[in-house]
Amino acid sequence: MGLLNFTREPVPEAVSGDMHNLNQLSAQQFSSLTEVLFRFLTEPKEVERFLTQLSDFATMNKISLGPLKNIVKSILLVPNGALKRSLSSEQVRADFIALGLSEEKATYFAEQWKANSPTLTRLAVGQTLMINQLIDMEWKFGVTAGSSELEKVGSIFLQLKLVIKKGSQMENVYLELTLPQFYSFLHEMERIKASLESFS
């Protein structure tokens with residue numbers, strides 16, 4: 001499997017099996033399942049309704065609910081990652097094909113992604129801005145002087161203290177990052193800053 005657009009991390013091994021199972025669904029079944037998924041993505045607070053719809057889908061199509069939930073978790077990895085990385089419908093399609101989904105189903109999902117992504121992006125930005133407002137940040141670098149693991153001695157790390165406003169409460173969040181993790185974090189912050197500046 002080549003590089004995926006929606007994540008830089010390796011995907012769980014079960015995902016390829018779930019994609020194989022997804023390929024077994026008819027076009028009509030896949031269309032119905034995709035509709036249920038996008039309804040959930042655009043209304044994420046409606047968890048009970050989503051679970052009921054999944055259960056109904058499983059009953060109607062004589063599929064066990066357990067494996068269906070695993071398939072859904074695997075499918076949702078892509079749109080969740082795609083939202084974080086602002087992927088196009090073509091990139092979403094390419095990722096599904098790379099994961100083992102048939103071209104027809106990947107194309108159908110990508111079309112739905114294209115239709116729904118403006119709404120999903122607006123929701124994600126709204127939730128991020130409402131839920132977690134960064135108030136303050138403190139940081140300090142350090143070098144590991146001693147460790148039970150020899151290769152960690154001399155490694156550079158960064159400690160962050162984030163003060164986040166959640167609703168009306170302030171919360172301190174502490175992070176310790178390795179140097180590569182810090183550069184990845186910094187890159188994401190610069191990307192967010194550029195995105196926010198394009199909105200203003």
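Side chains are part of it too, since the values below use all heavy atoms of this structure and drop only hydrogens, waters and symmetry mates.
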Who passes salt bridge (Lys or Arg N to Asp or Glu O under 4.0 Å) against [X], sequence neighbours left out?
X: Glu46; answer: none
X: Arg85; answer: none
X: Glu111; answer: none
X: Glu104; answer: none

Exercise. Taking atom types as modelled, is there a side-chain donor on Ser31 or Tyr108 under 3.5 Å from an acceptor on the other?
Worked result: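 Tyr108 and Ser31 do have a side-chain donor-acceptor pair below 3.5 Å.
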
For this session: Just say parallel, tilted or perpendicular for the rings of Phe38 and Trp113, cut-offs at 30° and 60°.
Result: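 Tilted.
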
Exercise. Is Val47 linked to Leu54 within one hydrophobic cluster, defined over Ile, Leu, Val, Met, Phe, Trp and Tyr using a side-chain heavy-atom separation of less than 4.5 Å?
Worked result: yes

For this session: State plainly whether one hydrophobic cluster holds both Leu33 and Leu51, where clusters connect Ile, Leu, Val, Met, Phe, Trp and Tyr through side-chain heavy atoms under 4.5 angstrom apart.
Result: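 Yes, because Leu33 and Leu51 connect within a single hydrophobic cluster, where side-chain heavy atoms sit under 4.5 Å apart.
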
Indicate the atoms forming the closest heavy-atom contact of [X] with [Y], along with that distance.
X: Met19; Y: Gly100; answer: CB-C, 4.0 Å
X: Gln181; Y: Glu176; answer: OE1-O, 4.1 Å
X: Ala94; Y: Asn5; answer: CB-ND2, 4.4 Å
X: Lys105; Y: Leu25; answer: NZ-O, 2.8 Å
X: Leu65; Y: Ala58; answer: CD1-CB, 4.1 Å

Problem set entry | Listed once per pair and sorted, the side-chain hydrogen bond (donor to acceptor under 3.5 Å, both in side chains) pairs that draw on residues 54-66, sequence neighbours left out |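 side-chain hydrogen bond (donor to acceptor under 3.5 Å, both in side chains) check on residues 54-66 returns Gln29-Asn61.
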
Please list, chain by chain and in numerical order, all residues satisfying side-chain hydrogen bond (donor to acceptor under 3.5 Å, both in side chains) with [X], sequence neighbours excluded.
X: Glu171; result: none
X: Glu103; result: Arg93
X: Glu190; result: none
X: Thr42; result: none

Exercise. Are more than 12 heavy atoms from other residues, nucleotides or ligands located less than 6.0 Å from atom CD of Glu13?
Worked result: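 Check fails, neighbour count at 12 or below.
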
Exercise. Quick one: do Glu43 and Arg39 make a salt bridge, cutoff under 4.0 Å?
Worked result: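 No, no charged N to carboxylate O under 4.0 Å.
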
For this session: Please name all residues satisfying ring-ring contact (aromatic ring centres under 6.0 Å, His included) with Phe96, sequence neighbours left out, ordered by chain then number.
Result: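 Listed in chain order: Phe109.
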
Exercise. Restricting to pairs with a member in residues 166-197, which pass ring-ring contact (aromatic ring centres under 6.0 Å, His included), not counting sequence neighbours?
Worked result: Phe141-Phe182

Distance-only criterion, 3.5 Å: show the donor-acceptor pairs between side-chain atoms of residues 72-83 and protein atoms not counting sequence neighbours.
from  : atom 1 : to    : atom 2 : distance (Å)
Ser74 : OG     : Asp18 : OD2    : 2.5
Ser74 : OG     : Asn70 : O      : 3.3
Asn80 : ND2    : Leu76 : O      : 3.1

